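Here is how names work: the chains are called A, B, and so on, in the same order as the sequence lines, proteins then strands, and each is numbered from 1. What you are looking at is a predicted structure, and each value in this text was computed from that prediction instead of being measured.
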Amino acid sequence: GENVEQHPSTLSVQEGDSAVIKCTYSDSASNYFPWYKQELGKRPQLIIDIRSNVGEKKDQRIAVTLNKTAKHFSLHITETQPEDSAVYFCAAKASSKLTFGTGTRLQVTL
Amino acid sequence: GAGVSQSPSNKVTEKGKDVELRCDPISGHTALYWYRQSLGQGLEFLIYFQGNSAPDKSGLPSDRFSAERTGGSVSTLTIQRTQQEDSAVYLCASSFLQGDTQYFGPGTRLTVL
């Protein structure tokens with residue numbers, strides 16, 4: 001089955017700096033790659049997603065890139081703010097279900 | 001419109017007891033998923049329902065876990081003879097179609113004493 005690896009497990013950046021979280025996947029048939037943000041005690045919420053026919057997608061301060069050949073995709077957050085502090089999960093979908101990465105705890109410090 | 005809802009929000013039970021967790025998906029969503037999230041950990045897939053098809057039970061950790069989805073809407077996850085290692089947050093998600101964006105419920109925090 002699909003295997004998704006996510007790095008780093010923790011990331012601390014200063015407010016205003018950029019943050020990058022990287023994921024790799026194993027199943028070349030995966031065609032959908034969402035990113036979820038989970039604040040402490042809250043449910044995971046979709047923040048951005050990308051499908052395999054697109055290489056990059058941007059939504060204000062967040063962007064996702066996909067390299068199908070290398071089977072990796074990344075989340076980029078620019079001009080980070082304290083409210084960006086959360087756990088971020090990547091996921092990859094092959095066939096019917098999503099396989100999630102293990103999460104990255106992002107801490108934005110003042 | 002209403003999002004995915006789950007009940008109860010918290011459940012404390014004694015080891016060996018059975019528990020039932022409920023999920024109400026977004027109206028019209030044909031796909032429903034159950035995940036388990038242990039403290040500080042990622043999301044572990046448990047089971048997936050799509051329309052009237054047989055569910056994908058490949059993530060259920062043992063035969064103590066079962067789930068059903070009646071009428072293609074509400075789903076119940078049942079854990080029999082609970083163990084302390086079952087303590088976790090159980091999250092439900094739904095999507096309009098298989099492969100579409102999944103929307104999560106608030107979860108049920110299960111504590112087995």
- Query: Is any residue of residues 34-44 of chain A within less than 4.5 Å of chain B by heavy atoms, and which ones?
  - Reply: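 Residues A:Y36, A:Q38, A:R43, A:P44 are the ones that qualify, each having a heavy atom under 4.5 Å from chain B.
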- Message: As an exercise, state the distance from CG of A:L98 to CG of B:L43, rounded to the nearest 0.5 Å.
- Response: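 That separation rounds to 9.5 Å.
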- Go through the steps for B:D24 and B:R22 under the test salt bridge (charged side-chain N to carboxylate O under 4.0 Å, His left out), then give the verdict. CA-CA 7 Å; B:D24 274 282; B:R22 177 188 168 105; 2.9 Å; yes
- Message: If the threshold is 4.0 Å, N to carboxylate O, is there a salt bridge linking B:E44 and B:R36?
- Response: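 Yes, B:E44 and B:R36 are salt-bridged.
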- Task: Output every pair passing side-chain hydrogen bond (donor to acceptor under 3.5 Å, both in side chains) with a member in residues 8-18 of chain B, not counting sequence neighbours, ordered by first then second residue.
- Result: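 The answer is none; no pair qualifies.
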- Evaluate the ring-ring contact (aromatic ring centres under 6.0 Å, His included) criterion for residues A:F100 and B:Y35: first the C-alpha distance (whole Å), next the side-chain angles of each, then the deciding distance (0.1 Å), finally the verdict. CA-CA 10 Å; A:F100 285 84; B:Y35 296 91; 5.3 Å; yes
- Message: Could you walk me through whether A:K57 and A:D49 satisfy the salt bridge (charged side-chain N to carboxylate O under 4.0 Å, His left out) test, starting with their C-alpha distance in whole Å, then the side-chain angles of each, then the deciding distance to 0.1 Å, before giving a yes or no?
- Response: CA-CA 8 Å; A:K57 185 176 178 180; A:D49 58 10; 2.9 Å; yes
